[in-house]
Undergrad: 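Following this message is one structure expressed as structure tokens.
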Amino acid sequence: MLTLSDEDFHRLYTYIKKNYGIDLEKKRQLIVSRLSNMLTANGYTSFKPYVDEIISGQNRDMVTSMLNKLTTNYTYFMREEAHFKYLKDTVLPNLAKAHEQDRVLSIWSAGCSSGEEPYTISMYLKEFFGSQAPC
């Protein structure tokens with residue numbers, strides 16, 4: 001696996017954040033693990049020339065390929081089951097208690113593609129709140 005220097009990591013995550021709004025500052029290992037094989041297969045021996053080429057913006061296909069490797073591009077019901085278990089067992093009981101008086105609850109599902117994740121959240125809300133859940 002290739003090594004990503006501090007400087008190249010900073011340059012890459014800053015470029016991605018500035019140009020695409022994706023914050024990967026705390027995702028160094030994700031970047032290394034998802035890109036190393038592709039870089040090696042394309043003849044790179046280090047991240048530096050790859051980061052140089054990405055930042056130059058001259059190869060749009062390379063940028064698109066990088067973004068596809070670094071982002072999750074799939075959606076389905078009950079995806080990330082552990083997250084929904086945490087929602088059911090921890091988050092919803094705390095929210096129910098916090099909103100006992102106002103009985104108002106809003107949940108935002110960012111980047112939800114075709115909607116399976118927010119629909120899953122709705123199902124969990126309906127199950128948790130039962131007849132007290134608004135239709």
Side-chain angles (χ1 to χ4, degrees):
M1 189 170 296
L2 300 177
T3 302
L4 178 59
S5 72
D6 291 343
E7 179 186 354
D8 290 330
F9 173 61
H10 182 268
R11 290 172 54 222
L12 187 58
Y13 82 69
T14 301
Y15 170 83
I16 293 168
K17 171 96 178 194
K18 178 182 174 199
N19 291 283
Y20 303 99
I22 302 168
D23 186 355
L24 298 174
E25 184 175 2
K26 296 185 180 357
K27 301 290 185 175
R28 182 185 197 129
Q29 187 56 45
L30 177 132
I31 291 171
V32 171
S33 67
R34 290 193 180 180
L35 295 181
S36 285
N37 289 341
M38 179 183 70
L39 268 66
T40 302
N42 286 298
Y44 290 95
T45 57
S46 74
F47 269 91
K48 184 174 181 5
Y50 176 78
V51 173
D52 290 342
E53 193 163 350
I54 289 290
I55 290 174
S56 78
Q58 293 179 358
N59 188 336
R60 300 300 306 153
D61 290 340
M62 182 182 276
V63 172
T64 299
S65 178
M66 175 197 65
L67 292 172
N68 283 335
K69 290 273 187 191
L70 296 177
T71 57
T72 302
N73 296 309
Y74 59 90
T75 183
Y76 54 89
F77 288 99
M78 308 299 182
R79 191 186 89 178
E80 307 293 350
E81 188 177 335
H83 295 175
F84 287 110
K85 180 173 178 14
Y86 183 77
L87 174 72
K88 180 181 79 173
D89 296 343
T90 305
V91 174
L92 290 179
N94 289 333
L95 287 174
K97 185 173 181 166
H99 292 277
E100 235 170 6
Q101 299 302 313
D102 62 27
R103 298 173 51 94
V104 174
L105 180 62
S106 297
I107 295 177
W108 176 41
S109 180
C112 59
S113 185
S114 55
E116 284 86 341
E117 288 81 4
Y119 276 110
T120 302
I121 292 170
S122 294
M123 290 186 284
Y124 272 83
L125 290 170
K126 187 70 171 172
E127 183 181 308
F128 182 84
F129 289 104
S131 63
Q132 295 180 5
C135 295

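Computed from a predicted model, the values in this text were never measured in an experiment. All values below come from the heavy atoms of this structure, side chains included, with hydrogens, waters and symmetry mates left out.
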Undergrad: Got a salt bridge between Arg28 and Asp8, using NZ or NE/NH1/NH2 to carboxylate O under 4.0 Å?
TA: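 No.
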
Undergrad: Check for a donor-acceptor pair, side chain of Ser33 on one end and backbone N or O of Leu30 on the other, with a separation under 3.5 Å.
TA: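 Checked: pair present.
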
Undergrad: Between Ser46 and Leu39, which heavy-atom pair has the shortest distance, and what is it?
TA: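 Shortest heavy-atom separation between Ser46 and Leu39 comes out as O-CD2, 4.1 Å.
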
Undergrad: Which heavy-atom pair separates Tyr124 from Met78 by the least distance, and what is that distance?
TA: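 Shortest heavy-atom contact: CE1-SD, 3.7 Å.
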
Undergrad: Taking the side chain from Ser65 and the backbone from Met62, do they hold a donor-acceptor pair closer than 3.5 Å?
TA: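 Side chain of Ser65 to backbone of Met62, a donor-acceptor pair under 3.5 Å: no, none is there.
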
Undergrad: Consider side-chain contact (heavy atoms from CB on, under 4.5 Å). Of Thr3, Leu35, Asp52, which one does Phe47 pass it with?
TA: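 When side-chain contact (heavy atoms from CB on, under 4.5 Å) is applied between Phe47 and each of Thr3, Leu35, Asp52, only Leu35 qualifies.
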
Undergrad: Among Thr120, Ile107, Leu95, which one satisfies side-chain contact (heavy atoms from CB on, under 4.5 Å) with Leu125?
TA: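 That would be Ile107.
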
Undergrad: Which heavy atom of Gly115 sits nearest to which heavy atom of Pro118, and what is that distance?
TA: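 Nearest heavy atoms, Gly115 then Pro118: O-CD, 3.2 Å.
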
Undergrad: Rounded to the nearest 0.5 Å, how far does NE2 of His83 lie from NZ of Lys85?
TA: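 NE2 of His83 is found 13.0 Å from NZ of Lys85.
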
Undergrad: Before accepting this row, confirm whether a basic side-chain N of the pair Glu25/Lys17 lies closer than 4.0 Å to the acidic partner's carboxylate O.
TA: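 Lys17 and Glu25: not salt-bridged.
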
Undergrad: Calculate, to the nearest 0.5 Å, the distance between atoms CZ and CG belonging to Arg34 and Asn68 respectively.
TA: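 Answer rounded to 0.5 Å: 11.0 Å.
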
Undergrad: Looking at every non-hydrogen atom in both residues, tell me the closest pair between Phe128 and Ala96 and how far apart they are.
TA: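 Looking at all heavy atoms of both residues, the closest pair is CE2-CB, 3.9 Å.
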
Undergrad: How many angstroms lie between atom OG of Ser114 and atom OH of Tyr119, to the nearest 0.5 angstrom?
TA: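 Rounded to the nearest 0.5 Å, the OG-OH separation comes to 10.0 Å.
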
Undergrad: With rounding to the nearest 0.5 angstrom, report the NZ to CD distance, Lys126 to Gln132.
TA: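 Lys126 NZ to Gln132 CD: 11.0 Å, rounded to 0.5 Å.
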
Undergrad: Please work out whether the ring planes of Tyr50 and Tyr44 are parallel, tilted or perpendicular, with thresholds of 30° and 60°.
TA: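 If you compare the ring of Tyr50 with that of Tyr44, the planes turn out perpendicular.
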
Undergrad: Using side-chain contact (heavy atoms from CB on, under 4.5 Å) as the criterion, point out the one residue from Ile16, Leu67, Asn59, Leu12 that pairs with Ile54.
TA: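 In the set Ile16, Leu67, Asn59, Leu12, the residue that makes a side-chain contact (heavy atoms from CB on, under 4.5 Å) with Ile54 is Leu12.
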
Undergrad: Hey, could you give me the CE/OG1 distance between Met66 and Thr71, rounded to the nearest 0.5 Å?
TA: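 Met66 CE to Thr71 OG1: 9.5 Å, rounded to 0.5 Å.
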
Undergrad: Of all the heavy-atom pairs spanning Tyr20 and Arg60, show the shortest one and how long it is.
TA: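 Smallest interatomic distance, heavy atoms only, reads OH-NH2, 3.2 Å.
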
Undergrad: Do Ile22 and Tyr13 touch side chain to side chain, with heavy atoms closer than 4.5 Å?
TA: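 Counting from C-beta outward, Ile22 and Tyr13 never come under 4.5 Å.
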
Undergrad: So does Phe77 have more than 12 non-hydrogen atoms from other groups sitting under 6.0 Å from CZ?
TA: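 Counting neighbours around CZ of Phe77, more than 12 heavy atoms of other residues, nucleotides or ligands fall under 6.0 Å, so yes.
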
Undergrad: Taking atom CD of Glu80 and atom OH of Tyr86, what is their separation to the nearest 0.5 Å?
TA: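 Nearest 0.5 Å value for the CD-OH distance: 15.5 Å.
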
